[in-house]
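Inspection log for the structure reproduced underneath, given as structure tokens.
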Number of protein chains: 2
Amino acid sequence: MLHVAEAARVSVATVSALINGTATVSPELSQRIEQAIRDIGYKRNAIARSLKMGTTRTIGLTVPHITNPFFTDVVSVIQQAFDRAGYAVMLCCTDEDLNTQDDQIRLLLDRMVDGLIVARVGDGAILKRIVDDAKVPVVLLDRVCEGVDTDTVVLDNQRAVFDAISYLIDLGHRRIGYISGSFDISPMHDRMTGYREALQAAGLPVENELVRFGNFHEVDGYNATMQLLSLHDRPSAIFSANNPMVIGTMKAIRDIGLSCPEDISVACFDDFPWSDVFQPQLTTVAQPVKAIGEQAANLLLDRLAGNRDAPPRKLALKGRLMIRNSCRPLGAPLGAIAQSVSA
Amino acid sequence: MLHVAEAARVSVATVSALINGTATVSPELSQRIEQAIRDIGYKRNAIARSLKMGTTRTIGLTVPHITNPFFTDVVSVIQQAFDRAGYAVMLCCTDEDLNTQDDQIRLLLDRMVDGLIVARVGDGAILKRIVDDAKVPVVLLDRVCEGVDTDTVVLDNQRAVFDAISYLIDLGHRRIGYISGSFDISPMHDRMTGYREALQAAGLPVENELVRFGNFHEVDGYNATMQLLSLHDRPSAIFSANNPMVIGTMKAIRDIGLSCPEDISVACFDDFPWSDVFQPQLTTVAQPVKAIGEQAANLLLDRLAGNRDAPPRKLALKGRLMIRNSCRPLGAPLGAIAQSVSA
DNA sequence: TGACATGATCGAAACGTTTAGATTAGCGTT
DNA sequence: AACGCTAATCTAAACGTTTCGATCATGTCA
């Protein structure tokens, strides 16, 4: 900018005024300055600007795994929203690890991001400290966190799983295996509650042997399913509370020589692009990914636009049960599956 | 830092020296400074540091669509690699649009990223200008670009498609439909060449009516497949040069009342996590995603470590044909598919 | 004892912006 | 002719670091 100013024989203040439109500058000088900018190929240094202005027009986004299709879509939507608003997005993947997440949020705050969207943070106390220390707005995604009072957008997980399990019960299933993710994040808590309540509402017992835990990965789903299938009285249906794990479930079913839905019904959380392309077409709980991402982005953009003091806003969106053909009515002949799908 | 210096009754220079270890500071002062840092909760401002140092420890990464499973994986691997190295990653999605990509690269350069990994840039001239203007190292991914001399990691696309098409020919297919992405990026060019050469090597004609173009999206694959299937003499196999488009292909086959592989064989580019879970299990060309991402990251990290003047390095990795059961031997009875899979 | 090397510490400039406040020029009023 | 008003422009101080060169005390050696 100094060089531009010299070349145009004006002060840097005038150059700045022209570039930012913060003051009127005469047509004559404007022209000289614009010419100089072109000649020199000047580009404003955003770092210096950030230092002075105290704002980077960059936000931080952390997700556990970008390869989980739910987060892939959420990241995509959020990235687009902020791109439109002229913000850059720094992406971090926490690998479901709390320490990693801590480090990464620190990394982002060091770089003075203007705001933070964090998905699936683990511990309330740590998060609270972060939110308080950082003077930037934070929106929580996919997880509520007691004691942390900030904008939040989550799914009504309990209700969603309740509906899914109730659907299985309606089909006649009585022993329904449930594969949960680790319990230290609220969605897994709520989903489990939904499972329990659906069973109880139908007067069915909640049996511990039918509940397994995994760490969100395919291999965990595989192992959990193997255990469920080798039970003395094995379940007739399995619900996986997380999408990557259901891949393991399907592989385990195949490896053990069973097939879905003939021998065992399967449903899971989170829809994915191929769900209605191949066989069996998985029955899933679809999250309104686009809405979730956009709401989160809007909440943060609103704060960034200056609305700092509004009370925390908590959004809970509804999931939708996508009924396909991976669950069969129990007791009914196999041919009845087609009808149950159109129901 | 100023406050820390005052609290510890030393100069800012000494604080800086201690933090960075750039000079020895006496145990006594060290202790006072560290105490002050704790008391105040001081965190070094990375923006001010970047301004002074001319380096942000941040890189820019642009991909067309993060929802394309190939790019999802690549982004994941690259993010991890840079995270390990203490770099932040700014992610941009270009939506296959050259102007968008241009804007985003500018956005990233404005923010003084230390390096750039760009996947699928369109035009050689524009890219060349960008690479030259930006004084930062650039790694090209998934695309070669004539006239732009910089580090590159790509797949041997031509060979990969050649192998896939040859496989179909070996199965007895003679009319093989081909769905390409837009032609303005080199992989699509090379893949098409692979298609052509495989046909020619087998003495088969290259028929224009069997070749369709789409813009990488599911809907494009759907439309292209509809056209192919309504040809007077319809193909017995379809190869899709891009992964999202193959979803459209499968849906079109279903909607038209045919089934795969009984009526029509299907193969495509890019593997995905569910490919061997559901039926039909798609035969795909798997890119070594992990290697591609890691190589790209390593090339850039090497440049960032100071190796600026080494000549441009061009890596071409090999794809792998994952033979499953979505392609059937032509003329053979249906039961023969199983054998062909194990072949 | 004086000169000098050594090691610790500091002062101040620089990185490239923004912006408050000062200065100047032009012009209409009285 | 003196005054005030407005619009255009400039000067200079910040933003929070790093770093060069200067300063100063201390100890060593001739």
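Labels below follow one simple rule: chain letters A, B, ... track the order of the sequence lines, proteins then strands, and each chain is numbered from 1.
Between A/Ala13 and B/Ala13, it is B/Ala13 whose nearest contact on DNA chain C lies nearer the 5' terminus. In terms of position along DNA chain C, the nucleotide closest to B/Ala23 lies nearer the 5' end than the nucleotide closest to the other residue of the pair B/Ala48 and B/Ala23.
If you check D/dT11, D/dT18, C/dT17 against the side chain of A/Asn45, the one that comes closest is C/dT17. When distances run from any side-chain atom of B/Thr14 to the nucleotides C/dA12, D/dT9, C/dT9, the shortest one goes to C/dT9. Checking C/dG16, D/dT11, C/dC10 against every side-chain atom of A/Ser11, the shortest atom distance belongs to D/dT11.
When the side-chain nitrogen and oxygen atoms of B/Thr24 are compared with OP1 and OP2 of C/dG7, none of them lie within a distance under 4.0 Å. Phosphate proximity of D/dT18 to B/Asn20: present, with a side-chain N or O under 4.0 Å from OP1 or OP2. Applying the 4.0 Å criterion to OP1 and OP2 of D/dT9, one finds that A/Ser26 has a side-chain N or O inside that range. Residue A/Arg44 places at least one side-chain N or O closer than 4.0 Å to OP1 or OP2 of C/dT18.
Side-chain atoms of B/Arg313 and B/Asn298 include no donor-acceptor pair closer than 3.5 Å. Under 3.5 Å, the side chains of B/Thr58 and A/Arg111 contain a donor-acceptor pair of N or O atoms. A side-chain donor from one of B/Gln104 and A/Asp83 sits under 3.5 Å from a side-chain acceptor of the other.
Rounded to whole Å, the distance from CE on B/Met1 to C1' on C/dC10 is 14 Å. B/Leu29 has its CG atom 14 Å from the C1' atom of D/dA25, to the nearest Å. Following rounding to the nearest Å, B/Arg49 (CZ) and D/dT17 (C1') show an atom-to-atom distance of 9 Å. Rounding to whole angstrom units, CD1 of residue B/Ile47 and P of D/dA14 are separated by 22 Å. For B/Ile33 and C/dA8, the CD1 to P distance is 13 Å, given to the nearest whole Å. With rounding to whole Å, A/Glu28 atom CD is found 8 Å from D/dT9 atom P. One atom, CG of B/Leu51, and another, P of C/dT18, lie 12 Å apart when rounded to the nearest Å. Computed from coordinates, the B/Lys43 NZ to D/dG16 P distance equals 16 Å when rounded to whole Å.
Looking only at distances, a side-chain donor or acceptor of B/Ser30 sits under 3.5 Å from a matching main-chain atom of B/Ser26. For B/Asp142 (side chain) and B/Ala119 (main-chain N/O), no donor-acceptor pair under 3.5 Å exists by modelled atom type.
Between atom CE of residue A/Met112 and atom OG1 of residue A/Thr55 there is a gap of 7.5 Å, rounded to the nearest 0.5 Å. A distance of 5.5 Å separates SG in B/Cys92 from CG in B/Leu107, rounded to the nearest 0.5 Å.
Remark: A/His189 engages A/Phe183 in a side chain to side chain contact (heavy atoms under 4.5 Å, CB included) (not counting sequence neighbours).
Across all strands, A/Ser16 comes closer than 4.0 Å to base atoms (heavy-atom distances).
In the helix from C/dT1-D/dA30 to C/dT30-D/dA1, the terminal helix axes, each the rotation mapping four pairs' C1' atoms onto the next four within five end pairs, subtend 70°, rounded to 10°.
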